[in-house]
Enquirer: 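Take this structure first; my questions come after.
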There are 2 protein chains.
Amino acid sequence: MTLIARDGQGGAVGVQDIADALGISCGTVDRALHDRAGVSPATKRRVLAAARRLGYRPNLAARYLSSRKHIMIGVSLPLEVAYFFDDVREGIVEAASAFEPLGVKILYRPYKRFGQHEVEALRDILEEKVSAIVVAPGYHERMRADIDKATRRGIPVVCVVTDAPGTERLTSVSVDRFAHGALAGELMGHLIGGEGGVIIFIGMHAVVDHEQKLRGFESSFKQFCPRGRILGVVEAHDEAEEAYQKCRRVLAQYPSARGIYVATANSMPVIRALDELGLSGKIKVIGTDLFPAMVPVIEAGKMAATIYQRPREQGLTAVRAIVRFLTEGLRPPPQILLDPAIVMRSNLSLFFGREPVSLESASQTPQAEAVQR
Amino acid sequence: MTLIARDGQGGAVGVQDIADALGISCGTVDRALHDRAGVSPATKRRVLAAARRLGYRPNLAARYLSSRKHIMIGVSLPLEVAYFFDDVREGIVEAASAFEPLGVKILYRPYKRFGQHEVEALRDILEEKVSAIVVAPGYHERMRADIDKATRRGIPVVCVVTDAPGTERLTSVSVDRFAHGALAGELMGHLIGGEGGVIIFIGMHAVVDHEQKLRGFESSFKQFCPRGRILGVVEAHDEAEEAYQKCRRVLAQYPSARGIYVATANSMPVIRALDELGLSGKIKVIGTDLFPAMVPVIEAGKMAATIYQRPREQGLTAVRAIVRFLTEGLRPPPQILLDPAIVMRSNLSLFFGREPVSLESASQTPQAEAVQR
DNA sequence: TTGAAAGCGGTACCAT
DNA sequence: ATGGTACCGCTTTCAA
């Protein structure tokens, strides 16, 4: 050993150690480490080798303190559907606030409706100086060019809720949609006691999400309800009135139906139709997502279960993945799939109205410092 | 305004700003802010007032960099039951690694079996210089004194999996056990089609956890299975052989039983008994937790569902709560209840064998730095 | 009791 | 291309 460890903290190796070991200055080491201009290729190679050999790990606190570069995460999400994307945003803010000490900040650039003006919103964000971007692509083909552009500029893009397959996005966070449908199918099989016909409501077949849920449902319903049958698949295009009308029509057509699976958030019109026909509770309904109006419906037993896509978790997960990538270079798996949660009457209260750990009560005040060591 | 903002970053206020505003030195401000010795009460009051007025927020990166005090979290968990506590520990390590830039480190002091030598293990940890402690109290009465002692020393204690009610612990992280039981009850109601007798296996009535699950089950089973009946509650004391024997006996006594709810992890002996009696799949079983041996059982349809207590999430949550408390003074709610997850065949793969975001691939190497901005 | 100043580990700028 | 150094905001030590 030609070196004397500079510190007792388990021997963390810093730029200065590398510099000392090579007999050069820390400035040069910094330049070599970060691909900055003005280092001879030879020196650079030596530095990189030494860094690896000595096990260099950057001190992130020092870096943050020194560079004063904040990690600004641009968030572009639709304002509608509010109950869902508000929760996503809540998760994002929550995670960002946990990383505040690392200088993580959120730049929120919402747009009106899912799928509308999303490209413009993304471009706006690209104008600003952000370090990463969170988006929920409605029409991913339209977003592709800008997502790839951001990525090539070194700005990682993470998709939440929906994905933009085939793009250079860092990763996507969403619920496993096949599992979503499969859970619904398995549960439905149990609910209707292993036999009977069911009807499925989706948005449209063209939407990959809906199609995946549908396939999931079909695959497991077949297993868990061998004497069951899928009577029909209704496209309601996420329109309330359309769902209502088609529900009435399809029930008239199949009066023997024993279950309905609504693979989108569009379940309330179905409940209304069942209510009017006096079939609430008789026909078993499995819905998707969770919003205020559904609470009394579930409590009243008019909907047996709903598959919850955990928007808050999605937001949390996206930001955590970004921060780890940015600060530690840890590349997340190309796709992060959360497990959909089954919400029934017994656990409803755990999902609804649950507050995040309050951000207000954070120590703005010096008093709270006292608890530290 | 008598002050000119020192920086353009949104006007963050630091110790120096307070010092300037008061015409004193930053050293004094620091002492006043942290209850250190050697500040006149008058000065201290003025500093505190100014800090609040100016909206002082400590720069945590600077603090960490300067003080070189790491946040060492002492973790005292049993090695058994491994499949469960290993996952808790995995979550703890995962969360800690995310906060590594803040100097968060784990001091792991395991002990052999749940409930045994836990007091000694806790005392050992107290000897070391830790900033916080995570424990899973088996016999919380025995732990009380040491938990309170740690807390009084300024070392927050967080309970995971189990709680130590009535102690000064910072908070506890566990699954909502009433909801656990209630979910099982609701599901069971559906599984047996609204009528029939069921049998419940617990550890013992004296264990609060088990009693809570039992009450949850009873309450919802009554609602969802109005023509159902709880035939018996079996205490198996977490012993495999006992569970097996009692299962055979109770099934002989109630041949009409249509469902079994095992409220502890002790479900495999029950499955074995059912297998031998040729009742697998006929009698609906709802279990608790998830471990390797259960996977084929669920896949084969011998167990309809299991209620998963999400050990990894518990570990993650505990560490996050500790870090936020320590760094931001944010006090968590007195009890953190996670939602139990329903695992069935359709979502089994999402829970089992799921790897945490790999810690290995983290940037030990300077190359990964290049992705940063 | 208080002030002044030296770091902590990187970064960035100015010399060379 | 490289070295030297001031500085980020806070803590800590030494002087006064």
Side-chain angles (χ1 to χ4, degrees), chain A residues 5-20 22-47 51 54-70 100-103 327 366 369-370 372-373, chain B residues 5-20 22-47 51 54-71 100-103 327 366 369 372-373:
Chain A
R6 184 176 30 77
D7 88 47
Q9 302 282 358
V13 176
V15 277
Q16 194 55 249
D17 299 282
I18 299 175
D20 291 350
L22 265 41
I24 60 179
S25 87
C26 61
T28 303
V29 172
D30 181 68
R31 282 184 288 264
L33 248 27
H34 297 289
D35 271 334
R36 285 189 243 280
V39 199
S40 75
T43 309
K44 185 166 163 183
R45 246 180 295 112
R46 287 176 58 214
V47 170
L54 299 176
Y56 166 71
R57 306 221 56 185
N59 180 318
L60 300 171
R63 171 180 297 166
Y64 161 67
L65 184 61
S66 165
S67 73
R68 301 264 19 160
K69 253 184 220 143
H70 294 199
E100 207 210 272
L102 293 180
T327 61
E369 303 279 314
Q372 301 185 30
R373 317 189 75 216
Chain B
R6 182 175 32 79
D7 90 44
Q9 302 281 1
V13 177
V15 277
Q16 193 56 247
D17 299 282
I18 300 177
D20 291 350
L22 264 41
I24 60 179
S25 87
C26 61
T28 304
V29 172
D30 181 70
R31 284 185 284 264
L33 248 26
H34 298 289
D35 272 333
R36 284 188 243 281
V39 200
S40 72
T43 309
K44 185 165 163 183
R45 246 180 296 114
R46 289 175 57 212
V47 169
L54 299 176
Y56 167 71
R57 308 223 51 187
N59 180 319
L60 300 171
R63 171 179 298 167
Y64 161 65
L65 184 59
S66 166
S67 73
R68 302 266 18 161
K69 252 183 219 145
H70 295 203
I71 297 177
E100 208 210 88
L102 293 180
T327 60
E369 303 280 313
Q372 301 185 30
R373 319 189 71 215

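The basis for the numbers below is simple: all heavy atoms, side chains too, and nothing from hydrogens, waters or symmetry mates. So that the names make sense, note that chain A is the first sequence line, chain B the second, and so on, each numbered from 1.
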Enquirer: Return the value, rounded to whole Å, for the distance between atom NZ of Lys44(B) and atom C1' of dT2(C).
Expert: 16 Å

Enquirer: What's the CZ-P distance between Arg46(A) and dT2(D), to the nearest Å?
Expert: 9 Å

Enquirer: By the definition side chain to side chain contact (heavy atoms under 4.5 Å, CB included), identify the one residue from Asp20(B), Val29(B), Thr28(B) that meets it with Val15(B).
Expert: Val29(B)

Enquirer: Considering heavy-atom distances to DNA chain D, does Gly27(B) or Ala61(B) have its closest nucleotide positioned more toward the 5' end?
Expert: Ala61(B)

Enquirer: Side chain of Arg63(B): nearest nucleotide among dG3(C), dC8(D), dC10(D)?
Expert: dC10(D)

Enquirer: Of the options dG3(D), dT11(D), dC8(D), whose atoms approach the side-chain atoms of Thr28(A) most closely?
Expert: dG3(D)

Enquirer: Determine the contact category for Arg31(B): base if any of its heavy atoms lies under 4.0 Å from a base atom, sugar-phosphate if only primed atoms, P, OP1 or OP2 are that close, otherwise nothing.
Expert: base

Enquirer: Could you state the atom-to-atom distance from CG of Asp30(B) to P of dA4(C) in whole Å?
Expert: 15 Å

Enquirer: Please report, rounded to the nearest Å, how far the P atom of dG7(C) is from the CG atom of Leu65(A).
Expert: 17 Å

Enquirer: Less than 4.0 angstrom between a side-chain N/O of Thr43(A) and OP1 or OP2 of dT2(D), yes or no?
Expert: yes

Enquirer: Taking OP1 and OP2 of dC8(D), is either one under 4.0 Å from a side-chain nitrogen or oxygen of Tyr64(B)?
Expert: no

Enquirer: Tyr56(B) and side chain to side chain contact (heavy atoms under 4.5 Å, CB included): which partner among Val47(B), Asp17(B), Leu33(B)?
Expert: Leu33(B)

Enquirer: Identify, between Cys26(B) and Ala62(B), the residue whose nearest nucleotide on DNA chain C lies closer to the 5' end.
Expert: Cys26(B)

Enquirer: Checking contacts here: which listed nucleotide (dG3(C), dC8(C), dT2(C)) is nearest the side-chain heavy atoms of Ser66(B)?
Expert: dC8(C)

Enquirer: Looking at Ser25(B) and Ala19(B), what are the two nearest heavy atoms and their distance?
Expert: C-CB, 3.6 Å

Enquirer: I need the Tyr64(A) OH to Asn59(B) CG distance, nearest 0.5 Å.
Expert: 5.0 Å

Enquirer: Let me know the distance between CD of Gln16(B) and C1' of dG3(C), rounded to the nearest Å.
Expert: 11 Å

Enquirer: When you measure from the side chain of Arg36(B), which nucleotide among dT1(C), dT12(D), dA12(C) comes out closest?
Expert: dT12(D)

Enquirer: Could you grab the distance from atom CG of Asp30(A) to atom CZ of Arg63(A), nearest 0.5 Å is fine?
Expert: 8.5 Å

Enquirer: Could you give the CG-to-P distance, from Asp35(B) to dT11(D), as a whole number of Å?
Expert: 13 Å

Enquirer: Of the nucleotides dC10(D), dG9(C), dG3(D), which has the atom closest to the Asn59(A) side chain?
Expert: dG9(C)

Enquirer: Side chain of His34(B), heavy atoms from C-beta onward: which of dT2(C), dT2(D), dT11(D) has the nearest atom to it?
Expert: dT11(D)

Enquirer: Return the value, rounded to whole Å, for the distance between atom CD1 of Ile18(B) and atom P of dT2(C).
Expert: 15 Å

Enquirer: Taking atom P of dG9(C) as reference, at what distance in whole Å does atom CG of Asp17(A) sit?
Expert: 8 Å

